[in-house]
*Asks:* 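Take this structure, written in structure tokens, and hold onto it; I'll ask about it next.
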Amino acid sequence: MKFDHVLCHYSEIGLKGKNRRFFEDRLRQNILKTLKIRCPDSAESVKRYHGRLVIELKQESADLDSIENALKDVPGLAYFAPAFESKQELNTLKEDAHALLSDSEFESFRITARRANSNIPLKVKTVNEEVGTHIVETMKKKVNLTQPGANCYIDMFEDRAFVYPERIPGPGGLPVGVSGKVVAMLSGGIDSPVAAYLAMKRGATVVFVHFHSVPYTTPASIEKVREMITTLNRFQMRSKLYLVELAPIQKQIMTETEARYRVLIYRRFMLRIAEQIAREVDAHALITGESLGQVASQTLVNMEAVGRVTNMSILRPLIGFDKQEIIDKARDIGTYDISIQPDQDCCSLFVPDHPATKARPEQLERQEVLLDVDKLVETGLTSAEIEIID
Ligand code: ATP
Ligand code: MG
């Protein structure tokens, strides 16, 4: 059976009133854009119905595999289903269910009908029973409601009806854009791209900031973040990246401050600069890839001392994740192989093997007295190069 539509479902929890309309419109636009980029000429239209979106496929040119792969990357989709349009009429439903099930080898089956509301004349129970009986009689198969060998779903809404064999899980979450904007601090490591992904998955549009120490390091980390963002663009399509020079700041920190505090002071400058960028782009939180206790700079005490420099929320989506869990997620979203390519981390420049693990804010402030903080932040901001990656 050749599918002519894809039914797209989101999770409805918390969606009320105007909120729902906003959410559905954004999800619809995101689906359209994703299809346009990843499988051009596949969709005739994407229409909104109560509780679902319906993609009408261009029969001649639609490639279902690439459509499925694209939709798996659209946050906000709970599941989707390539489907065949039938009619709200028992005989047609019987024929179409028969045709659908004829595509697979099975011994037992289940019919799962659903209607959007009670205005639809056909009752779910009637459809399940009548269509089920038809399959038993014509195909000589058994009904199994708990572990069917094959499924036939029947979805009825407004004046339409569809049959389909399976529900393909989407990423869940919320459509990118409904939650507003955040600035994600992206290093070349494994963690920060996963943190950025989790923010996108909850509907945030992510603007990226990367600090580098070129010319004291190679530009490898810059290439890596570009590649990571290209991969993460599967979820938000288009990204803005700020590349900020940390080297001039590091030089002063190196001459003026005690070695064991340096990483933390680098981090404080990163946060100050990221906050300014966030204000500039109208973002309302900073995202980092920190995970509690993973490395010396990520103890509770150090995170507090570092975070003291900004009033903006710092969100750490990975705070409770183990390294292995982060690695698994990074593999899932496709950033792991990029992260493990060698680069030179800006924060390993001019720092000792044994950094402070319990720095108090006052200790860091005392170190910074010797620095012209405002001017260094300004230097960083002026050095920023902005790239659009799409
Ligand atoms: P990651 O794998 O994300 O690099 P990590 O375990 O190496 O994390 P750190 O190097 O301590 O951890 O960095 C903690 C967080 O600080 C990173 O997740 C990232 O959000 C931010 N960060 C570190 N270095 C940079 C950088 N050069 N540019 C932007 N953000 C950075
Ligand atoms: Mg790192």
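Indexing begins at 1, ligand by ligand and atom by atom, following the structure's order. These values consider heavy atoms only, across backbone and side chains, with no hydrogens, waters or symmetry-generated copies. Everything numeric here is computed off the predicted structure, so don't read it as measured data.
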*Asks:* Counting each atom of ligand 1 from 1 as listed, which ones have a heavy atom of Ser192 under 4.0 Å away?
*Replies:* 1 (P), 3 (O), 18 (O), 19 (C), 20 (O)
*Asks:* For ligand 1, which atoms sit closer than 4.0 Å to a heavy atom of Met185?
*Replies:*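 Here the atoms of ligand 1 in question are 19 (C), 20 (O), 29 (C), 30 (N).
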*Asks:* If you count the atoms of ligand 1 from 1 in the order shown, which ones are under 4.0 Å from a heavy atom of Ile190?
*Replies:*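 Going through ligand 1 atom by atom, the ones under 4.0 Å from Ile190 are 2 (O).
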*Asks:* What I want to know is whether Pro193 and ligand 1 share at least one N or O pair that is separated by under 3.5 angstrom.
*Replies:*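 Such a contact does not occur with ligand 1.
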*Asks:* Is there at least one pair of N or O atoms, one from Thr288 and one from ligand 1, spaced under 3.5 Å apart?
*Replies:*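 Checking ligand 1 against Thr288, no N or O pair falls under 3.5 Å apart.
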*Asks:* Do Leu286 and Ile249 sit in one hydrophobic cluster, given that two such residues count as connected whenever their side-chain heavy atoms are within less than 4.5 Å of each other, even indirectly?
*Replies:* yes
*Asks:* Against the six-membered ring of Phe235, is Lys201 placed for a cation-pi contact (under 6.0 Å from the centre, within 45° of the normal)?
*Replies:* no
*Asks:* Is it possible for you to say whether Ile273 and Leu241 belong to one hydrophobic cluster, with membership spreading through side-chain heavy-atom contacts below 4.5 Å?
*Replies:*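 Unlinked, Ile273 and Leu241 end up in two clusters.
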*Asks:* Are Arg28 and Asp25 close enough for a salt bridge, meaning some N to O gap below 4.0 Å?
*Replies:*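 The answer is no: the pair does not qualify as a salt bridge.
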*Asks:* Does Phe157 sit in a hydrophobic cluster with other residues, and if so which ones, taking ILVMFWY side chains as linked at heavy-atom separations under 4.5 Å, directly or through other members?
*Replies:*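 Members other than Phe157 - counting any ILVMFWY side chain reachable under 4.5 Å - are Leu7, Tyr49, Val54, Tyr79, Tyr153, Phe162, Tyr164.
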*Asks:* Are any of the side-chain nitrogens in Glu258 or Arg260 under 4.0 Å away from the carboxylate oxygens of its partner?
*Replies:* yes
*Asks:* Quick check on contacts: which atoms of ligand 1 are under 4.0 angstrom from a heavy atom of Phe211?
*Replies:*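 Listed by number with element: 26 (C), 27 (N), 28 (N), 29 (C).
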*Asks:* Could you tell me whether ligand 1 has any atom less than 4.0 Å away from a heavy atom of Arg267?
*Replies:* yes
*Asks:* Thinking salt bridges, do Lys72 and Glu68 make one under a 4.0 Å N-O criterion?
*Replies:*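 So Lys72 does not pair with Glu68 through a salt bridge.
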*Asks:* Using a strict 4.0 Å cut-off to heavy atoms of Leu186, name the atoms of ligand 1 that fall inside it.
*Replies:* 28 (N), 29 (C), 30 (N)
*Asks:* For atom 18 (O) of ligand 1, which candidate among Gly189, Gly289, Ala184, Ala196 provides the closest heavy atom?
*Replies:* Gly289
*Asks:* Near Val209, which atoms of ligand 1 are under 4.0 Å from a heavy atom of that residue?
*Replies:*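 In order of numbering, the contacting atoms are 29 (C).
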